[in-house]
Amino acid sequence: MLIANWKSNGSKAMAIDWFKNFFDKYSFKNHETFIGIAPPFVYIDQINSLKKSNIKTGLQDIEPFSGARTGSISANMAIDLGCSFSMIGHSERREFFKESNDQIKEKIINLDKKIIPILCVGETEKENIAGKTKHVIQNQLEIIKNHELHDLFTVAYEPVWAIGSGQTPQAEEINEIHKFIKDVVQSISTNNLVPDVLYGGSVTDLNAMSFFEQDFVDGALIGGASLDGSIFADIVNIFNGTKNK
Ligand code: PEP
């Protein structure tokens with residue numbers, strides 16, 4: 001699974017260029033890799049008309065309830081527009097919008113399997129230096145304890161210090177954390193689900209292969225490098241070349 005997180009970037013003109021550049025470079029047309037684009041919500045309709053069927057659209061954040069939730073995009077609206085997934089608990093939501101683990105839990109639980117949740121977890125630089133990475137991630141995952149998860153429930157491991165910084169953990173360290181995440185989710189979810197785990201944080205076409213070569217890396221969540229359709233296509237091609245040999 002490869003997800004492009006456009007954050008609050010893009011325009012109608014950019015979306016047209018993006019798909020032209022993507023399809024010029026994309027070379028594994030028959031693979032079944034889940035390719036998702038999470039643009040700002042206002043562009044989803046346009047992107048649905050530009051994309052091809054093997055590409056999915058999704059949200060960067062979601063509100064499970066409809067009605068009295070001013071400013072939010074509800075799960076029913078996402079479904080109405082054909083979205084199949086939503087990121088939940090991105091570190092920028094946690095930092096700038098003060099989303100707590102409790103609020104993130106409410107979203108995951110009340111989505112009620114309507115849409116694939118991609119739960120983002122990860123430690124800050126300070127927590128990393130203090131050796132608290134696993135402790136922090138365990139705590140962020142506790143919200144799904146005793147919950148029956150969507151079959152395609154996915155976790156994105158995104159160290160906060162790696163997002164947009166050009167820095168990343170070593171590929172082997174990422175692999176170890178991904179194994180840890182799979183074990184924790186399996187042991188605490190009601191349906192003992194072993195989730196796919198994506199890596200996110202300064203992934204580019206230059207370093208993607210080193211991550212994809214790791215056994216427990218099932219894909220990537222890509223911010224900055226996903227804004228260029230040609231670079232995102234390169235990353236998808238590298239993924240397919242590494243995992244789908
Ligand atoms: C992100 O915001 O989820 C992300 C991974 O960003 P970047 O790839 O730019 O580090």
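Remember, it's 1-based here, ligands and their atoms both numbered in the order they're listed. Everything quoted here is computed from the prediction, not taken from an experiment.
A heavy-atom distance below 4.5 Å is found between the side chains of Leu221 and Cys120. Side chains of Lys113 and Glu148 form a contact here, defined as non-hydrogen atoms less than 4.5 Å apart. At least one side-chain heavy atom of Phe22 sits under 4.5 Å from a side-chain heavy atom of Val236. The shortest distance between side-chain heavy atoms of Lys12 and Gln46 falls below 4.5 Å.
In summary, Lys182 and Asp218 engage in a salt bridge, as defined by a charged side-chain N under 4.0 Å from a carboxylate O. Salt bridge present: Asp61 and Lys107 bring a charged side-chain N and a carboxylate O closer than 4.0 Å.
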May I have a table of the N/O to N/O pairs between ligand 1 and the protein that fall below 3.5 Å, each row giving the two atom names and the distance to 0.1 Å?
residue	atom	partner	partner atom	Å
ligand 1	2 (O)	Lys7	NZ	2.6
ligand 1	2 (O)	His90	NE2	2.9
ligand 1	3 (O)	His90	NE2	2.8
ligand 1	3 (O)	Glu158	OE1	3.2
ligand 1	3 (O)	Glu158	OE2	2.7
ligand 1	8 (O)	Gly223	N	2.8
ligand 1	9 (O)	Gly224	N	2.8
ligand 1	10 (O)	Gly164	N	2.7
ligand 1	10 (O)	Ser202	N	2.7

